Amino acid sequence: MATFELYRRSTIGMCLTEALDEMVSNGTLSPELAIQVLVQFDKSMTEALESQVKSKVTIKGHLHTYRFCDNVWTFILQDALFKKEDSQETVSRVKIVACDSKLLLQ
């Protein structure tokens with residue numbers, strides 16, 4: 001199963017990367033094992049989002065920038081309103097990165 005490395009830029013992915021870097025620097029973890037952990041993180045995030053997230057969200061906002069490169073869409077929205085069934089939240093600026101899940105099957 002192929003995976004994208006998108007989730008490494010999330011808050012939890014950045015914290016994991018920092019922790020792994022510290023462990024490699026201290027000599028408690030080999031660089032090869034740290035890479036294996038990150039690859040497993042990519043797979044686990046993809047599987048968890050695919051199988052466990054059932055919520056749907058509506059997003060409305062001002063489209064500031066959009067880009068399509070290497071089968072990856074990037075959208076930057078300003079004053080975005082996220083609506084879920086029972087709640088809503090406004091965010092001043094949000095970056096959305098979307099990839100075609102069919103690419104994971106290749």
Side-chain angles (χ1 to χ4, degrees):
M1 174 182 167
T3 59
F4 292 112
E5 297 178 2
L6 295 174
Y7 308 114
R8 294 184 192 185
R9 299 282 316 262
S10 66
T11 303
I12 192 169
M14 297 289 276
C15 289
L16 175 62
T17 302
E18 287 178 26
L20 291 171
D21 286 344
E22 185 176 321
M23 293 173 79
V24 169
S25 296
N26 293 341
T28 54
L29 195 67
S30 70
E32 295 81 16
L33 188 55
I35 290 170
Q36 286 180 343
V37 169
L38 286 173
V39 169
Q40 183 58 51
F41 171 75
D42 296 334
K43 290 179 184 176
S44 297
M45 285 296 294
T46 301
E47 290 172 9
L49 290 172
E50 186 176 288
S51 65
Q52 296 179 16
V53 177
K54 303 297 180 201
S55 299
K56 292 191 179 189
V57 176
T58 302
I59 306 169
K60 289 185 181 181
H62 173 72
L63 182 61
H64 179 267
T65 308
Y66 68 94
R67 180 179 309 119
F68 182 70
C69 181
D70 296 332
N71 291 316
V72 177
W73 280 102
T74 303
F75 302 95
I76 297 177
L77 301 175
Q78 293 178 326
D79 300 321
L81 176 65
F82 288 77
K83 282 187 181 180
K84 200 175 141 180
E85 299 147 359
D86 56 346
S87 64
Q88 65 182 31
E89 185 76 30
T90 302
V91 180
S92 61
R93 188 173 173 98
V94 65
K95 179 179 181 179
I96 299 172
V97 180
C99 301
D100 189 348
S101 63
K102 294 175 191 160
L103 295 175
L104 294 173
L105 302 175
Q106 295 178 351

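None of these values were measured; they are calculated from a predicted model. Hydrogens, waters and symmetry mates are skipped; everything else that's a heavy atom, side chains included, is used.
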So NE2 of His62 and CD1 of Ile76: to nearest 0.5 Å the spacing works out to 11.5 Å

Looking at Gln40, I'd like to know if its CD atom is crowded, meaning that more than 12 non-hydrogen atoms belonging to other residues, nucleotides or ligands lie closer than 6.0 Å.
yes

Rounding to 0.5 Å, atoms CD (Gln78) and CG (Leu63) come to a distance of 9.5 Å

So CZ of Arg8 and CG of Asp42: to nearest 0.5 Å the spacing works out to 4.0 Å

For Phe41 and Ser10 the tightest heavy-atom approach is CZ-OG, 4.5 Å

Residues at least two apart in sequence or cross-chain that pass ring-ring contact (aromatic ring centres under 6.0 Å, His included) with Tyr7, listed by chain then number, are none

dist Lys60:NZ -> Thr58:OG1 (nearest 0.5 Å) comes out at 7.5 Å

For this session: Could you check Ile12 against Leu16 for side chain to side chain contact (heavy atoms under 4.5 Å, CB included), going step by step and ending with a plain yes or no?
Result: CA-CA 6 Å; Ile12 192 169; Leu16 175 62; 5.7 Å; no

Here the gap from Tyr66 atom OH to Phe68 atom CZ, rounded to the nearest 0.5 Å, amounts to 12.5 Å

Interatomic distance, CD1@Ile59 vs CD1@Ile96, rounded to 0.5 Å, equals 4.0 Å

Exercise for the section: Determine, stepwise, if the pair Gln88 / Thr90 fulfils side chain to side chain contact (heavy atoms under 4.5 Å, CB included). Expected result: CA-CA 7 Å; Gln88 65 182 31; Thr90 302; 5.8 Å; no

Note to self: Please evaluate residues Thr74 and Lys95 with respect to the criterion side chain to side chain contact (heavy atoms under 4.5 Å, CB included), reporting the C-alpha separation (whole Å), side-chain torsions for both, the decisive distance (0.1 Å), and the verdict.
What the structure shows: CA-CA 7 Å; Thr74 303; Lys95 179 179 181 179; 3.7 Å; yes

- If Ile, Leu, Val, Met, Phe, Trp and Tyr residues are connected whenever their side-chain heavy atoms lie under 4.5 Å apart, and connections chain through other members, are Val57 and Val91 in the same group? yes

query: Are Val97 and Phe75 close enough, and set up right, to give a side chain to side chain contact (heavy atoms under 4.5 Å, CB included), and what steps lead you there?
result: CA-CA 6 Å; Val97 180; Phe75 302 95; over 6 Å; no

N/O donor-acceptor pairs under 3.5 Å from side chains in residues 28-38, not counting sequence neighbours:
unit_1: Thr28; atom_1: OG1; unit_2: Met23; atom_2: O; d: 3.1
unit_1: Ser30; atom_1: OG; unit_2: Leu33; atom_2: N; d: 3.2

